[in-house]
Each structure stands twice: as structure tokens, then as C-alpha cells.
There are 2 protein chains.
Amino acid sequence: MDEVLAAVADPTRRAILGRLAAGGEARVTDVAKPFTISLNSVSKHIRMLERARLVTRRVAGREHFLSLNPEPLDAAVAWASELKELWAWRLGELEKVLG
Amino acid sequence: MDEVLAAVADPTRRAILGRLAAGGEARVTDVAKPFTISLNSVSKHIRMLERARLVTRRVAGREHFLSLNPEPLDAAVAWASELKELWAWRLGELEKVLG
DNA sequence: CATATATTCACCTCTAAAGGTGAATGTTTA
DNA sequence: TAAACATTCACCTTTAGAGGTGAATATATG
């Protein structure tokens, strides 16, 4: 989960995920197009997203097609939800005690 | 949102948040007790959580009491949910086209 | 084959986090 | 006031991400 959260902590990487979510499969070059940073930097971001299993790659000839895999986000969202539930439950218990 | 996600990307910091969610207000020393790392390291983690507004501090005499503030997590969870919805919707559209 | 395009690899700089140690500050209590 | 405790501040080392440039590799197309 650590790698997933660190991966989505960066706005460039969230933008890449948003692009893949909205438009589906896309080449590395196309994914990089909206950004002013170099292609190499985008490639590094993509590698981090792959390491977190948020992005998968399909190679066809000289083109590398990227796809979104949102599944690893589930564990992170579940953690946050459980934390909030735990916190809310404790507040409720506290109110009971305080009358 | 970046700082919040980076903050929760670390397991030590998630453990601190879990402790505060389950047990409510706690002193820095008590929060640090379960960890083998030094008090200074824990203090640094807490400072990052404060910067992300996930933790608030109340000073009483020589004791600093920490509380959880889960609210900044909402934006992060909302982003993830929207991403998944967008992705699922696109899959649906794709199925329509493919028959 | 030669050229253009796509992607990666190798290397560099800068910045910041993680962890540590030791001293300084502030607060309580005997 | 002196001693004990809690917290922070200042500084150091190691590691890693963000960004860049330029070269190497692989593929497609004239």
C-alpha cells in the first residue's frame, strides 16, 4: 500500500491516471504530451505507477500502450474508511460517557 | 492533497493515525512508545502529519496532546472514487460500442 | 539500406525525507 | 532551587525522488 499512496501523492502521476481513466489505453508519448516536463521525466513517473501496479503496459511494435488498473487503490481507500469509522465510533462512545 | 497522501504513504505515520483514531488524544511520548525508532524520529513524523493537517496539537503544561483530524482524507478518497467511477463508466461505454 | 520515430538507459544535480545523536528549552514536583 | 521529565532544536548521514541532457536501442517506413 505504501507504494500506491506514494505514487498517487504526486499531481503529475494523478493527472496521468486521470488521462488513462477517461481516455483508456494511450501511448507513452501521448500521455506525456500535455506536460511541459521532458519525456524522460514522464517515463520515470510511469515506471513508479507500474511499480505500484496502477498502470499496466502492452507493447506493440515500437509503441507502448498504457492502461489504468485502479484495483490497488481499493486497499488505500479501505484503510481511510476504517480509520474514519474508528474515529467516529470513538466520538460516539465519548458522547455516551459525557451524557 | 499531495501532502496528505505523502503523509499517509508511510506505515509509521498510518500507525500513529490509527492509534489516535482508536484511543483519542495522546501525548507524543505515549504515541512514540510502541515504536523502536527514536523519539526524535517520531516527532518528525508527527510534524509531517501536522503539516498535512491530519493531526492537531494541544499543549497543556509540559505535555503535548495530539488528536486525529481525518477531514483532509476526504479529498483524497473522493479523488480515488471519481477515478474509479470514470474508469468504470468508460468500460461501460466500451461494451456498448463492442455490442 | 537509411532515416525518422519511440522508448529506454546512463549519468548528473538538487532537494527532501528517514533515522540518528546530543544539547537546549520549558515544566513540573520534591 | 534542584532534579526529573517532555519536547524541541540543531546538526549529521544515508537514501531516494524529481528533473534534466545525451546516447543507445528497437521498430517502422521511405
Side-chain angles (χ1 to χ4, degrees), chain A residues 1-20 23-69 72-73 76, chain B residues 1-20 23-69 72-73 76:
Chain A
M1 180 152 69
D2 303 20
E3 282 176 328
V4 174
L5 286 166
V8 299
D10 183 89
T12 298
R13 289 194 285 265
R14 284 200 303 277
I16 292 173
L17 295 180
R19 148 69 133 126
L20 295 177
E25 250 190 1
R27 292 176 307 161
V28 173
T29 304
D30 293 336
V31 166
K33 202 154 291 170
F35 303 102
T36 60
I37 62 178
S38 75
L39 196 54
N40 266 341
S41 294
V42 175
S43 184
K44 281 185 196 175
H45 283 301
I46 292 171
R47 239 174 296 152
M48 288 198 67
L49 291 170
E50 283 186 281
R51 201 193 308 166
R53 297 184 15 260
L54 287 166
V55 159
T56 57
R57 183 186 300 246
R58 178 176 66 85
V59 180
R62 67 181 172 187
E63 293 172 321
H64 292 214
F65 289 94
L66 307 173
S67 302
L68 175 67
N69 174 36
L73 286 173
Chain B
M1 181 153 69
D2 303 18
E3 282 175 331
V4 173
L5 286 165
V8 299
D10 183 89
T12 298
R13 290 195 285 266
R14 284 200 302 277
I16 292 174
L17 296 179
R19 149 68 134 126
L20 295 176
E25 248 191 3
R27 293 176 306 161
V28 173
T29 305
D30 292 337
V31 166
K33 201 154 291 172
F35 303 103
T36 60
I37 63 179
S38 75
L39 196 54
N40 266 341
S41 294
V42 174
S43 185
K44 281 184 196 175
H45 283 301
I46 291 170
R47 237 174 297 152
M48 288 197 68
L49 291 170
E50 282 186 284
R51 200 191 309 165
R53 297 187 10 264
L54 287 166
V55 159
T56 58
R57 184 186 301 247
R58 178 177 67 86
V59 180
R62 66 182 173 184
E63 294 172 322
H64 292 216
F65 289 94
L66 307 173
S67 302
L68 175 67
N69 174 35
L73 286 174

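All values reported here derive from a predicted model rather than from experimental measurement. To find a chain, count down the sequence lines: A is the first, B the second, and so on, and within it residues start at 1. When reading the values below, keep in mind they use all heavy atoms of this one structure, side chains included, and skip hydrogens, waters and symmetry mates.
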Results of salt bridge (charged side-chain N to carboxylate O under 4.0 Å, His left out) for [X] - residues two or more places apart only:
X	answer
A:R19	none
B:D30	B:R27, B:K33
A:E3	none
B:R13	none

Please report, rounded to the nearest Å, how far the [atom2] atom of [N] is from the [atom1] atom of [X].
X	N	atom1	atom2	value
B:L5	C:dA17	CG	C1'	16 Å
B:D10	D:dT15	CG	P	17 Å
B:D2	C:dA16	CG	C1'	15 Å
A:L66	C:dA6	CG	C1'	12 Å

5′-ward residue of the pair B:K44/B:H64 relative to DNA chain D: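 Counting from the 5' end, the first nearest nucleotide belongs to B:H64.
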Which of residues 27-43 of chain B sit near DNA chain C, with a heavy atom under 4.0 Å from it?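 Under 4.0 Å from DNA chain C: B:I37, B:S38, B:N40, B:S41.
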Applying a 4.0 Å non-hydrogen cut-off, can you work out what A:R47 is touching in the nucleic acid: base, sugar-phosphate, or nothing?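 No contact.
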Report the distance from atom CG of A:L5 to atom CZ of B:R14, rounding to the nearest 0.5 Å.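 Answer rounded to 0.5 Å: 6.0 Å.
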Can you measure from CG (B:N69) to CG (B:L49) and round to the nearest 0.5 angstrom?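 Going from the CG atom of B:N69 to the CG atom of B:L49 covers 11.0 Å.
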Quick check on C:dG19: is either OP1 or OP2 less than 4.0 Å from any side-chain nitrogen or oxygen of B:H45?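 Result: yes.
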Counting only side-chain N and O atoms of A:R51, is one of them less than 4.0 Å from OP1 or OP2 of D:dA16?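 No, no such contact exists.
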Among B:L17, B:V4, B:L68, which residue meets the side-chain contact (heavy atoms from CB on, under 4.5 Å) test with B:L73?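 Result for side-chain contact (heavy atoms from CB on, under 4.5 Å) with B:L73: B:V4.
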B:L54 vs B:M48, test: side-chain contact (heavy atoms from CB on, under 4.5 Å). Steps then yes/no. CA-CA 9 Å; B:L54 287 166; B:M48 288 197 68; over 6 Å; no
So, do B:T56 and B:E50 sit near enough that their side-chain heavy atoms are less than 4.5 Å apart?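 Sidechains of B:E50 and B:T56: no contact.
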Between protein and nucleotides 25-28 of chain D, what N or O pairs are separated by less than 3.5 Å?
| residue | atom | partner | partner atom | Å |
| --- | --- | --- | --- | --- |
| D:dT27 | O3' | A:R62 | N | 3.4 |

